[in-house]
4 protein chains.
Amino acid sequence: MANIPQTRRSDTRERIQEAALELFVHRGYEKTSLREIAEELGVTKAALYYHFKTKEDILAALSADIGAPVDALIAWGESRPPTLETKRELLRRYSESLVKAAPLYHILQENQASLRSLGIGVTLRRRVVRLSELVHAGGGPMRSQVRYSSAVLTVHFGALTMDAIGGDPEERRLAVLEVALELLESAAG
Amino acid sequence: MANIPQTRRSDTRERIQEAALELFVHRGYEKTSLREIAEELGVTKAALYYHFKTKEDILAALSADIGAPVDALIAWGESRPPTLETKRELLRRYSESLVKAAPLYHILQENQASLRSLGIGVTLRRRVVRLSELVHAGGGPMRSQVRYSSAVLTVHFGALTMDAIGGDPEERRLAVLEVALELLESAAG
Amino acid sequence: MANIPQTRRSDTRERIQEAALELFVHRGYEKTSLREIAEELGVTKAALYYHFKTKEDILAALSADIGAPVDALIAWGESRPPTLETKRELLRRYSESLVKAAPLYHILQENQASLRSLGIGVTLRRRVVRLSELVHAGGGPMRSQVRYSSAVLTVHFGALTMDAIGGDPEERRLAVLEVALELLESAAG
Amino acid sequence: MANIPQTRRSDTRERIQEAALELFVHRGYEKTSLREIAEELGVTKAALYYHFKTKEDILAALSADIGAPVDALIAWGESRPPTLETKRELLRRYSESLVKAAPLYHILQENQASLRSLGIGVTLRRRVVRLSELVHAGGGPMRSQVRYSSAVLTVHFGALTMDAIGGDPEERRLAVLEVALELLESAAG
DNA sequence: CATGAATGAGACTTCATTCAT
DNA sequence: TATGAATGAAGTCTCATTCAT
């Protein structure tokens, strides 16, 4: 029974997203041309336009798919009182989300200038900023604020740029999280 | 005595660098066209080519001028034993250097994808990486390494992206430095 | 008796024509894409191709439907001796035909360049030219010819471009016709 | 002496305008691609962009150069009381202007749909409309208005579309003008 | 009767760069 | 020291059209 049913609802759209993600990460958003994406898949540029309205739209789809968990996290954070425990949980879950979302934020990070003028760039950035705000939650003395920032930075860039350290990725992630939580503690302290 | 005897090294070259820096920061390296730079100065594109061999060359000149202090710092760090005190001093001086060099590293940060394929991009990046290595100096347990990384990240991004915190910039810089030094301490501890 | 026995000749075909006419008039033939027509109707482009062989074909169908009365008029004119009375009648009936056919000739008028290379463009144009010839009927001194031309122009463009004058359309049409008939009179005179 | 001085202030810009005018007239604005214009001249598309900012800009330059006399005429008409004599003179001079400006208005006429969305289309149209208004000058009974319109139409289209009549163009122009002036007379009468 | 998917051609435009003057 | 003119490559996007289902 149940033998692969008609594959006719073409998986091209998804393949485009995969190829685009790969190329955006390795060559950059601006530097990746639609020709490249198309050639990678063995289709024509026009085919891309059948599935996505613009180049930016491909990134937007990626953002919606991959970034969803962070959106959920923000919603969760907004629904809770800004206690220390909430903040701890935000960092923990953010760290987890980044395991999957890293490529997306990698693109954001390395292409900020290119994305600045694009709607999707704003959307992407807003997510990170909002999350940071939830951890800051209401200010406090500058010293605290810097620690809050540093905690978020550590989680964020720990996921994106600490590969030089080597070792097991998951182990590293936990180490990063631990440092971030300490910063959080001393910020709140 | 010694009243400007030099042949008045065309001030156009400097004006080009200034305009380029401004535009690279605000619009991005890739997104800034030579036409824009030329128009900003009221000269022709061809004039830019009289002073610089390529577009990348303009950025290279900027990097040499503005990045010199960091190069000096690296040289200094390499000439010393990797003691805790050396590392402290590295962070202190790096923090100071960034006051002037921030725009340059801002460009690096926001245009990594665009610069990756360019020689100058590699050069720029190498500086940051080397500095990071000097602070890490020889490994240690992962936990330490993450703290070292976090310390550098904090100084680096503290200078580039913590404007949201507000307050007096110099005061903020010192607060950032303090947090970074604490991380350093506990990494070494 | 005879209550609609026919196989309900798909009303989609007609809806396509209506939408196309509307769009061709307001946005121009060239500037109207099949995508727009399809979207307007809530069908796919492919559906248009089920009903019409090409884009030009849609215009051809429009021309056949809406332009039929003018064709009949031309046939009538060709079957009669080129007397003044015949010419008067031609102008009268042409003026009447234009009440319905105006949108079609509006398209012809505003898209001549685009239609020039199309078969249907030639067909459409031929109608107007032929009608003009019937009114000229055999030349005469230049002064007369200009008046004949002016008479036809007046009827034709009176229907297409005199809305600026305002007032009741039918009243205006009669005024236009009157002027045209005077020109005819003095041409023949 | 005076041997052809340095031809270095390149005449390419003018050659582009000439080629474009020719092609716009014969193939239509929309249907004429920049590739065609460039090939016609033996330069690259990029060369066109050195001289003109956009395709529309080429038409705008044409409009400014060729349409200037009509602009002057309108200014003149606006500075005078709307007497019959003024109107007569407007038609006379307009008829003269059209000898040179015909190709430009031919383009406007045959590409209205394409030009409608373009700034330059509006500009071009405005000229014709304004001139028509000056001849109408303040309304009057519908019958008069129609005659005024017909007079302008006759001059305008007499220059653009009466080649079928044949004969000497200048002679034809005068015949057309005569008819138009008669219409004007009877409109004012 | 209609759709989903794809194509090939071609459009306009921008860019970094070159070179004679 | 600088300019005017031009180029070649490439980019994003749109369009009419086809065809298996």
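Each chain gets a letter, A, B and so on, in the order its sequence line appears, and its residues count up from 1. Just so we're clear, the structure is a prediction, and the values are computed from it rather than from any experiment.
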Minimum heavy-atom distance D:Ser63-D:Leu104, with the two atoms named: CA-CD2, 3.8 Å

OP1 or OP2 of E:dA6 under 4.0 Å from side-chain N/O of A:Tyr50: no

Least distance between heavy atoms, B:Ile58 atom then B:Ala20 atom: CG2-CB, 3.6 Å

Under the salt bridge (charged side-chain N to carboxylate O under 4.0 Å, His left out) test, residues paired with A:Glu14 that sit two or more places apart: none

Phosphate contact (F:dT17 OP1 or OP2) by C:Tyr49 side-chain N/O below 4.0 Å: yes

Return all side-chain donor-acceptor pairs below 3.5 angstrom for residues 45-56 of chain D, not counting sequence neighbours, or 'none' if the list is empty.
| from | atom 1 | to | atom 2 | distance (Å) |
| --- | --- | --- | --- | --- |
| D:Thr54 | OG1 | D:Glu56 | N | 3.3 |
| D:Thr54 | OG1 | D:Asp57 | N | 3.0 |
| D:Lys55 | NZ | D:Tyr29 | O | 2.9 |
| D:Lys55 | NZ | D:Thr32 | O | 2.9 |
| D:Glu56 | OE2 | D:Gly119 | N | 2.9 |
| D:Glu56 | OE2 | D:Ile120 | N | 2.8 |

F:dG4 OP1/OP2 closer than 4.0 Å to side-chain N/O of D:His51: no

Short side-chain N/O contact to F:dG11 OP1/OP2 from A:Ser33, under 4.0 Å: yes

Nearest-nucleotide pick for D:Ala46, side chain only, options being F:dA16, E:dC15, F:dT12: E:dC15

Phosphate OP1/OP2 of E:dA16: any B:Thr54 side-chain N/O under 4.0 Å: no

Below 4.0 Å: OP1/OP2 of F:dC15 and any side-chain N or O of C:Arg35: yes

Which nucleotides of DNA chain E pair, in dot-bracket form (Watson-Crick or G-U under 3.5 Å, | meaning another strand): .||||||||||||||||||||

C:Thr12 vs E:dC1: side-chain N/O to OP1/OP2 distance below 4.0 Å: no

